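Counting convention: from 1, in listed order, for ligands and their atoms alike. All values derive from a computational prediction rather than experimental measurement.
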Amino acid sequence: MSNVKIIVAGPRGKMGSEALRLIENTPEFELVGCIDRKHDGEKVSDLEGLPKLDAEIFSDVEKAFQQLDADVLIDLTSPEVGYKHTRLALENGIRPVVGTTGFTQEQLEELQDLSEQKELGTVIAPNFAVGAVLMMQFSKWAAKYFPDVEIIEKHHDQKLDAPSGTAVKTAQLIEEVRDSKVQGHPEEKETIPGARGANEDGMRIHSVRLPGLVAHQEVIFGGTGETLTIKHDSHHRQSFMSGVKLAVDQVQRIHTLVYGLENLLE
Ligand SMILES: NC(=O)c1ccc[n+]([C@@H]2O[C@H](COP(=O)([O-])OP(=O)(O)OC[C@H]3O[C@@H](n4cnc5c(N)ncnc54)[C@H](O)[C@@H]3O)[C@@H](O)[C@H]2O)c1
Ligand SMILES: O=C(O)C1=N[C@H](C(=O)O)CCC1
């Protein structure tokens, strides 16, 4: 089988640089280029701290997609940029694997339509860590029996979007199995705005941002005389890489958009 030819967008980022190491250590993966706001025309191997890979950096994304012979784009950038890259990749016949979070529901639907129109697989996963996927699935299961639930997500303080993509996805999975409900006292009042967190279908989501954190989430269920907490911690960004690898492998076998790694796990 021939190598999977990959473009990485955001190669100098915390996740992008980890994805480069994954490619370096995966014999069947080949980095053919990168998309970066800076360093146009330089090689990845010229940049300090990145693997010694002989792939060119492009600042013009359209030029990169037209000139490079690529199968897959791995996007690990920021919400607006990631959305634009995903659209352009599909328009140029390249299958996107997207870890970038913060896409709106409307953007996800547009990308689903484009993916189907082009008959090209797309994987968008708010969390590539297998443990986090299980935490979300266990939460969906628990919500059948414990409909009162609050989510506390904790991330490093450089994160742009809040709530996290994982928290939004968790809430969506819970919404599939519980009726809409208002939680807490019906007459509760916030004396400091935001004290009760974001409100997603009655579920409260609290976002913590602190240096020292990577990616963490607790889903707390309350019942009569008991609580259940389902918790996941990513202590290192390597935790996301087996999921990225799975997504790159699977995106070549599908012809639609898959939102969430759980849809690719057996
Ligand atoms: N799905 C997951 O499992 C997962 C895990 C961690 C992070 N994330 C998401 O991945 C994204 C990146 O996270 P990070 O921690 O690596 O952030 P980061 O800030 O460390 O890296 C983002 C990179 O994108 C680059 N970038 C910005 N605009 C660009 C453009 N126009 N063209 C090319 N590159 C551009 C920046 O230069 C930067 O290097 C975020 O959306 C984050 O929420 C997802
Ligand atoms: O570091 C981040 O940013 C992360 N974002 C994802 C999210 O928004 O859910 C999860 C993993 C880390």
Identify the protein heavy atom lying closest to [atom], giving its residue, its atom name and the separation to 0.1 Å.
atom: atom 9 (O) of ligand 2; value: Thr166 OG1, 2.5 Å
atom: atom 19 (O) of ligand 1; value: Lys14 NZ, 3.9 Å
atom: atom 7 (C) of ligand 2; value: Gly165 N, 3.4 Å
atom: atom 5 (N) of ligand 2; value: Lys159 NZ, 3.1 Å
atom: atom 25 (C) of ligand 1; value: Gly10 CA, 4.0 Å

Run the numbers for me: atoms of ligand 1, each under 4.0 Å from some heavy atom of [X], listed by number.
X: Thr77; answer: 11 (C), 12 (C), 22 (C), 24 (O), 34 (N), 35 (C), 40 (C), 41 (O)
X: His85; answer: 32 (N)
X: Asn127; answer: 1 (N), 2 (C), 3 (O)
X: Val81; answer: 28 (N), 29 (C), 30 (C), 31 (N)
X: Lys159; answer: 43 (O)
X: Leu76; answer: 12 (C), 22 (C), 23 (C), 24 (O)

Location of contacts on [X] toward ligand 1, heavy atoms closer than 4.0 Å:
X: Asp36; answer: backbone
X: Phe240; answer: side chain
X: Pro126; answer: backbone
X: Lys38; answer: neither
X: Ala9; answer: neither

Exercise for the section: Check step by step if side-chain hydrogen bond (donor to acceptor under 3.5 Å, both in side chains) holds for Glu116 and Gln112. Expected result: CA-CA 6 Å; Glu116 282 169 13; Gln112 167 114 40; 2.8 Å; yes

Problem - Min N/O separation Asn127 to ligand 2 under 3.5 Å - result: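 Among all N and O atoms of Asn127, none is under 3.5 Å from an N or O of ligand 2.
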
Handout entry: Contact (N/O only, under 3.5 Å) between His156 and ligand 2
Key =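 Yes, since at least one N or O of His156 sits under 3.5 Å from an N or O of ligand 2.
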
Practice task
Decide, yes or no, whether a salt bridge links Asp148 with Lys181 under the criterion of side-chain N to carboxylate O below 4.0 Å.
Solution key: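 Yes.
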
Exercise for the section: Answer yes when Lys84 and Glu62 have at least one side-chain N-carboxylate O distance shorter than 4.0 Å, and no when they do not. Expected result: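 Salt bridge between Lys84 and Glu62, a charged N being under 4.0 Å from a carboxylate O: no.
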
Exercise for the section: Could you tell me whether His155 approaches ligand 2 through its side chain, its backbone, both or neither, with non-hydrogen atoms closer than 4.0 Å? Expected result: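 Under 4.0 Å from ligand 2, His155 contributes side-chain atoms alone.
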
Of the listed options [options], closest to [atom] (non-hydrogen atoms):
atom: atom 6 (C) of ligand 2; options: Pro126, Ser164, Gly99; value: Pro126
atom: atom 30 (C) of ligand 1; options: Met15, Arg37, Glu80; value: Arg37
atom: atom 8 (N) of ligand 1; options: Gly99, Ala125, Gly165; value: Gly99

Exercise for the section: Assess the side chains of Thr166 and Glu153: does a donor N or O sit below 3.5 Å from an acceptor N or O? Expected result: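 Note: Thr166 and Glu153 side chains miss the donor-acceptor criterion.
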
Exercise for the section: Assess Phe240 for proximity to ligand 2: is some non-hydrogen atom of it under 4.0 Å away? Expected result: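 Per 4.0 Å heavy-atom rule, Phe240 contacts ligand 2.
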
Practice task
Look at the aromatic rings of Phe221 and Phe146 and report parallel, tilted or perpendicular, splitting at 30° and 60°.
Solution key: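 Aromatic pair Phe221/Phe146 classed tilted.
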
